[in-house]
Amino acid sequence: MFKEYKTIREVVGPLMLVEGVEGVTYNELVDIICSDGEVRHGKVLEINRDKAVVQLFENSQGLQIKTAKARFTGHGQQLSVSKDMLGRVFDGMGNPRDGGAPVIPEKVMDINGEPINPAARNYPDEFIQTGISAIDGLNTLVRGQKLPVFSMSGLPHAELAAQIARQAKVRGSDNKFAVVFAAIGITFEEAQYFVDDFRKTGAIERTVLFTNLANDPAVERIATPRLALTCAEYLAFECGMHVLVIMTDITNYAEALREVSAARREVPGRRGYPGYLYTDLATMYERAGRIHGSEGSITQIPILTMPEDDKTHPIPDLTGYITEGQIILSRDLYKKGVNPPIDVLPSLSRLKDKGIGRGKTREDHADTMNQLFAAYASGKESKELSAILGEAALSDTDKLYAKFAEQFEKLYINQGFSTDRTIEETLNLGWELLKILPRSELKRIRQEYISRYMDGENKD
């Protein structure tokens with residue numbers, strides 16, 4: 001039952017005050033009906049006794065408060081979901097942006113979702129192949145995991161996001177894999193890049209896109225990732241699909257949260273962000289996972305640009321606490337022309353050990369991963385020593401490590417944004433690079449694997 005009020009008292013910017021309300025709840029949707037029949041939309045931001053503060057989704061310009069009515073709908077924001085959403089492009093509020101007809105819903109779901117019962121959660125342990133060696137080989141993504149990408153202003157995280165969306169697959173389950181892509185607060189050109197890239201490569205057929213543009217209202221920016229996650233929950237837990245959710249850029253989301261918090265005159269926390277930023281981010285990130293008895297799963301890759309390239313900034317800092325690792329992009333590698341510029345040493349996937357090994361990737365994966373990490377770290381140290389003391393100060397082994405680091409960046413990390421490598425190709429490339437080093441330095445790999453994969457004995 002709708003409740004209508006003609007008691008709009010004030011409109012200041014995107015905020016509207018309605019007095020004399022009863023039974024109104026936080027986050028409830030509101031229709032503002034103008035005298036000429038035009039309908040604008042908003043949601044309840046705050047309630048104080050019989051007063052409700054409403055945040056408008058559209059511009060308040062030209063709104064005549066004397067003749068307008070506020071109609072409270074009695075529910076929060078909802079999304080009409082259907083399998084037909086695959087291959088479609090929507091705006092940040094779930095309306096079609098591709099010129100197609102509205103989706104005929106199979107179900108209507110609240111976008112705030114319901115938390116997964118911890119006892120019902122299934123542990124993530126299945127390998128997802130992204131086709132990117134620096135992720136698959138060294139920071140493996142596992143089905144049901146939350147693995148954010150920490151980027152910096154000007155780095156090609158959009159290209160990386162599109163590459164992961166195109167190439168990601170659960171091996172042996174290609175027909176049931178879907179991507180839900182949420183673009184938050186980006187420019188029209190960036191949004192068009194994603195749409196064109198997915199259409200050109202055919203990835204659009206298994207993808208649902210939600211695009212919130214930079215000139216859209218801040219309150220819509222807060223809704224966009226929740227719409228995407230609601231769609232993902234339907235595809236995963238109702239349709240039994242493996243769903244990868246990519247959200248870019250979480251920094252724009254947090255800025256919108258700060259803007260709305262300031263409008264509500266809340267006491268600010270670190271750097272002006274609301275004190276509940278951790279809790280708010282957790283309500284989104286924790287919607288990833290697997291559930292006992294369900295074939296489907298939700299895997300998340302949130303992408304955020306670190307303000308001032310600062311890993312200790314509240315957004316990456318809190319994200320790191322909630323998620324299971326991080327992929328960090330490097331400005332130095334980007335300047336060298338390495339793409340994707342993934343800095344593998346500070347990057348981490350806390351669940352990588354659960355998704356690799358015999359029957360998942362290959363038996364030699366863990367050993368070669370550890371050896372590559374150690375060798376690259378030693379190689380970078382050797383290069384730094386050479387820059388300070390000169391190459392003559394290096395031992396013959398140090399020179400080989402320095403050579404390894406150069407070749408590792410050139411061949412292993414630098415694969416471009418269009419190369420899709422299988423896990424076998426990634427592992428074999430790792431073995432080729434390890435041939436640069438003396439056998440005596442391969443201390444982290446079992447001898448049987450060296451014999452099989454480096455010498456070719458009893459090779460499968």
Side-chain angles (χ1 to χ4, degrees), residues 127-141 147 149-151 155-157 159-160 163-164 166-169 301 325-349 352-353 355-357 360-384 386 397-439 441-445 449-450 452-454:
F127 169 65
I128 289 182
Q129 180 176 291
T130 65
I132 300 166
S133 293
I135 296 176
D136 292 350
L138 301 175
N139 294 288
T140 312
L141 178 66
L147 187 63
V149 174
F150 290 2
S151 183
L155 296 191
H157 48 269
E159 289 85 345
L160 178 63
Q163 183 179 16
I164 293 171
R166 278 197 315 270
Q167 297 178 179
K169 58 177 74 72
I301 299 185
Q326 68 278 331
I327 303 295
I328 297 180
L329 303 190
S330 162
R331 198 177 291 283
D332 290 338
L333 287 176
Y334 184 59
K335 286 176 182 174
K336 289 182 187 177
V338 175
N339 280 312
I342 296 173
D343 194 350
V344 298
L345 294 181
S347 296
L348 170 70
S349 170
K352 63 188 174 189
D353 294 333
I356 64 175
K360 294 178 181 178
T361 53
R362 207 167 70 185
E363 60 185 359
D364 58 316
H365 191 159
D367 287 14
T368 52
M369 173 180 69
N370 293 334
Q371 188 65 65
L372 288 168
F373 262 120
Y376 183 50
S378 298
K380 289 195 78 172
E381 286 176 8
S382 298
K383 288 175 73 176
E384 288 169 9
S386 173
T397 303
D398 287 339
K399 288 175 185 175
L400 288 175
Y401 271 115
K403 180 185 177 184
F404 173 88
E406 285 180 13
Q407 292 299 306
F408 181 80
E409 290 176 0
K410 182 179 176 182
L411 300 176
Y412 195 95
I413 301 175
N414 182 36
Q415 68 178 77
F417 292 114
S418 57
T419 304
D420 185 359
R421 290 179 182 159
T422 65
I423 187 60
E424 288 79 14
E425 288 172 332
T426 291
L427 292 170
N428 292 339
L429 178 57
W431 279 109
E432 287 299 314
L433 288 167
L434 289 173
K435 288 179 180 178
I436 296 171
L437 302 175
R439 290 290 180 93
E441 294 297 311
L442 304 183
K443 298 169 184 172
R444 297 171 185 267
I445 306 181
Y449 296 156
I450 294 175
R452 179 174 300 175
Y453 294 102
M454 190 174 275

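Val344 is not listed as a side-chain neighbour of Leu372, based on a closest heavy-atom distance of 4.5 Å or more. With a 4.5 Å cut-off on side-chain heavy atoms, Leu138 and Met369 count as touching. Here the side chains of Ile445 and Asp364 are not in contact, with every heavy-atom distance at 4.5 Å or above. Residues Pro340 and Pro156 form no side-chain contact, since every pair of their non-hydrogen atoms from C-beta on lies 4.5 Å or further apart. Here the side chains of Tyr334 and Leu329 are not in contact, with every heavy-atom distance at 4.5 Å or above. For the pair Pro341 and Asn339, the minimum side-chain heavy-atom distance is below 4.5 Å. Side chains of Lys352 and Thr361 form no contact here, defined as non-hydrogen atoms less than 4.5 Å apart.
Interatomic distance, OG of Ser378 versus OH of Tyr401, reported as 5.0 Å (0.5 Å rounding). Distance CD1/Ile342 to OH/Tyr412: 10.5 Å, rounded to 0.5 Å. If you take OG1 on Thr419 and CD1 on Ile132, they are separated by 10.0 Å, rounding to the nearest 0.5 Å. The CG atom of Asp367 sits 11.0 Å away from atom CG of Leu434, with the distance rounded to the nearest 0.5 Å. Going from atom CD1 of Ile327 over to atom CG of Leu141 covers 8.0 Å, rounded to the nearest 0.5 Å. The structure places NZ of Lys169 at 9.0 Å from OG1 of Thr422, a figure rounded to the nearest 0.5 Å.
Across every non-hydrogen atom of His365 and Gly137, the tightest pair is NE2-O, 2.9 Å. Of all the heavy atoms in Gln326 and Leu147, the pair that sits closest is N-CD1, 3.7 Å. Contact between Gln371 and Lys443 at its shortest, heavy atoms only, is OE1-N, 3.2 Å. Shortest non-hydrogen contact noted between Gln129 and Asp136 is CG-OD2, 3.5 Å. Between Glu425 and Asp420, the shortest heavy-atom distance links the atoms OE1-O, 3.9 Å. Closest approach of Ile436 and Lys403 over heavy atoms only: CG2-CD, 4.1 Å.
Surrounding CZ of Arg444 are at most 12 heavy atoms belonging to other residues, nucleotides or ligands under 6.0 Å away. Heavy-atom neighbours of Lys399 NZ from other residues, nucleotides or ligands within 6.0 Å: above the threshold of 12.
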Inset, instruction - With side chain to side chain contact (heavy atoms under 4.5 Å, CB included) as the test, would you mind laying out the steps for Arg362 and Asn428 before giving the verdict? - result: CA-CA 11 Å; Arg362 207 167 70 185; Asn428 292 339; 3.1 Å; yes
task: Assess whether side chain to side chain contact (heavy atoms under 4.5 Å, CB included) is satisfied between Leu333 and Glu409, documenting all intermediate values.
output: CA-CA 8 Å; Leu333 287 176; Glu409 290 176 0; 3.7 Å; yes
- Query: Going through the checks in order, is the side chain to side chain contact (heavy atoms under 4.5 Å, CB included) test met by Phe373 and Asn139?
  - Reply: CA-CA 10 Å; Phe373 262 120; Asn139 294 288; 4.1 Å; yes
Evaluate side chain to side chain contact (heavy atoms under 4.5 Å, CB included) for Asn414 paired with Lys336, printing each intermediate quantity in order. CA-CA 10 Å; Asn414 182 36; Lys336 289 182 187 177; over 6 Å; no
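Note on Glu432 versus Lys435: salt bridge recorded, some NZ/NE/NH1/NH2 to OD/OE distance being below 4.0 Å.
Arg421 and Ser133 form a side-chain donor-acceptor contact under 3.5 Å, judged by distance and modelled atom types alone.
Using bins of under 30°, 30° to 60° and over 60° for the plane-to-plane angle, the ring pair Trp431/Tyr453 lands in the parallel bin.
Here the side chain of Gln415 pairs no donor or acceptor atom with the backbone of Ala134 at under 3.5 angstrom. In this structure a side-chain-to-backbone donor-acceptor pair under 3.5 Å is missing from Ser386 to Ser382.
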